Structures are given as structure tokens and as C-alpha cells.
Amino acid sequence: MAYDEKLASRMVDIISTKTDFDQKMMFGGVCFMVDEKMCVGVVKHEIMARIDPAKEAKAMAKTGCREMDFTGRKMKGFVMVSSEGIKSKKQLEYYIDLALEYNTIAQKSKKKKKAS
């Protein structure tokens with residue numbers, strides 16, 4: 001299943017007013033990379049946000065937010081938000097802002113060495 005391009009466009013409209021970013025196809029969706037770090041993205045009809053683990057519980061108390069568990073285990077510092085939790089620009093911007101805030105202190109992923 002393809003990702004929600006309309007949702008991705010809404011995210012671009014918000015992110016582009018706040019910072020420079022790159023788009024990368026990932027998880028069958030699109031990920032927005034800031035400073036070469038995964039920040040937010042769209043998977044099917046949901047957003048994925050990399051946020052400060054200390055703020056995760058507060059975010060998950062909001063409508064439509066749940067922990068990310070792609071591999072069957074919780075991924076600390078990552079949340080998924082369904083369409084019911086991001087109907088308004090203000091709701092969507094809340095998660096984007098959390099992700100951008102955490103991005104300033106988040107570690108870059110280690111580059112995998114290519115096999116020779």
C-alpha cells in the first residue's frame with residue numbers, strides 16, 4: 001500500500017517553514033530527514049515521529065498516538081499517529097515540532113559499511 005501523499009504534502013508545508021530537510025523513501029513511505037537524521041515521516045495513512053523519549057508518555061496521551069513497533073518490539077523515542085490525531089494543522093504541527101526539537105540532540109544513525 002502506498003503512503004498518503006496528501007498527508008506528506010501537509011507535512012512539507014509545515015516543515016519547509018521551519019527548517020531545511022531531505023526526503024527519503026523508507027518503510028514503504030516517505031521520511032523527512034533533518035541534519036541527516038530521521039525526523040518525521042508518513043507510513044500508509046499515519047505519521048511517524050522521532051521524539052524525546054522523556055516526552056513520549058505525554059504525546060501518547062493524545063488522541064491517535066501510539067508507540068511505534070515495526071519489528072514487534074517498542075522503538076523508544078518513536079511514535080505513530082493515526083489520521084484521527086492529526087486532522088488539524090495544529091495537531092500535525094505539534095508532532096512535527098516535537099520531532100524537530102528532539103532532532104537537535106538526537107544521534108545520527110551509524111553508517112553501515114558496504115561489503116567489498
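Remember, it's a predicted structure, so these values are computed and weren't measured experimentally.
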inquiry  = Could you report the tightest heavy-atom contact between C31 and C39, atom names first, then the distance?
reply    = SG-N, 4.4 Å
key: Pairwise side-chain contact, V79 with I47, heavy-atom cut-off 4.5 Å (strictly under)   = no
Output side-chain donor-acceptor pairs under 3.5 Å for residues 90-97, partner residues at least two apart or in another chain, one line each.
residue, atom, partner, partner atom, Å
Q91, OE1, K87, N, 2.9
Q91, OE1, S88, N, 2.9
Q91, OE1, S88, OG, 3.4
E93, OE2, K18, NZ, 2.9
D97, OD1, K18, NZ, 3.0

ask   = What distance do M11 atom CE and D4 atom CG have between them, rounded to the nearest 0.5 Å?
value = 10.5 Å
task = Identify, with sequence neighbours excluded, every residue that meets side-chain contact (heavy atoms from CB on, under 4.5 Å) alongside A106.
result = K37, R50, Y102
Heavy-atom side-chain contact between K24 and M38 under 4.5 Å = no
key: Test item: Q23 and F32 side chains (from C-beta on) under 4.5 Å apart, heavy atoms   = yes
Listed once per pair and sorted, the salt bridge (charged side-chain N to carboxylate O under 4.0 Å, His left out) pairs that draw on residues 54-64, sequence neighbours left out = K55-E101, E56-K74
ask   = For T17 and I14, which heavy atoms make the closest approach, and how far apart are they?
value = OG1-O, 2.7 Å
Test side-chain contact (heavy atoms from CB on, under 4.5 Å) applied to S82 - qualifying residues, sequence neighbours left out = E46, E84
remark   = Closest non-hydrogen atoms of C65 and A59, given as atom of the first, atom of the second and distance, are CB-O, 3.3 Å
request  = Supply the atom-to-atom distance K108 NZ to M33 CE, rounded to the nearest 0.5 angstrom.
outcome  = 9.5 Å
task = Show your reasoning for whether side-chain contact (heavy atoms from CB on, under 4.5 Å) applies to M48 and F78.
result = CA-CA 7 Å; M48 174 278 304; F78 288 86; 3.6 Å; yes
request  = For the residue pair M75 and E67, establish whether any side-chain heavy-atom pair is separated by less than 4.5 Å.
outcome  = no
key: Results of side chain to side chain donor-acceptor pair (under 3.5 Å) for N103 - residues two or more places apart only   = none
inquiry  = Do H45 and L7 make a side-chain contact, defined as non-hydrogen atoms from C-beta onward lying under 4.5 Å apart?
reply    = no
note = What one should report as the nearest heavy-atom pair of Y3 and A8 is CE1-CB, 3.9 Å
query = Is there a donor-acceptor contact under 3.5 Å from the side chain of S16 to the main chain of V12?
reply = yes
remark   = By side-chain contact (heavy atoms from CB on, under 4.5 Å), T19 pairs with (sequence neighbours left out) I15, V34, L100
Same apolar cluster: I105 and V40, side chain cutoff 4.5 Å = no
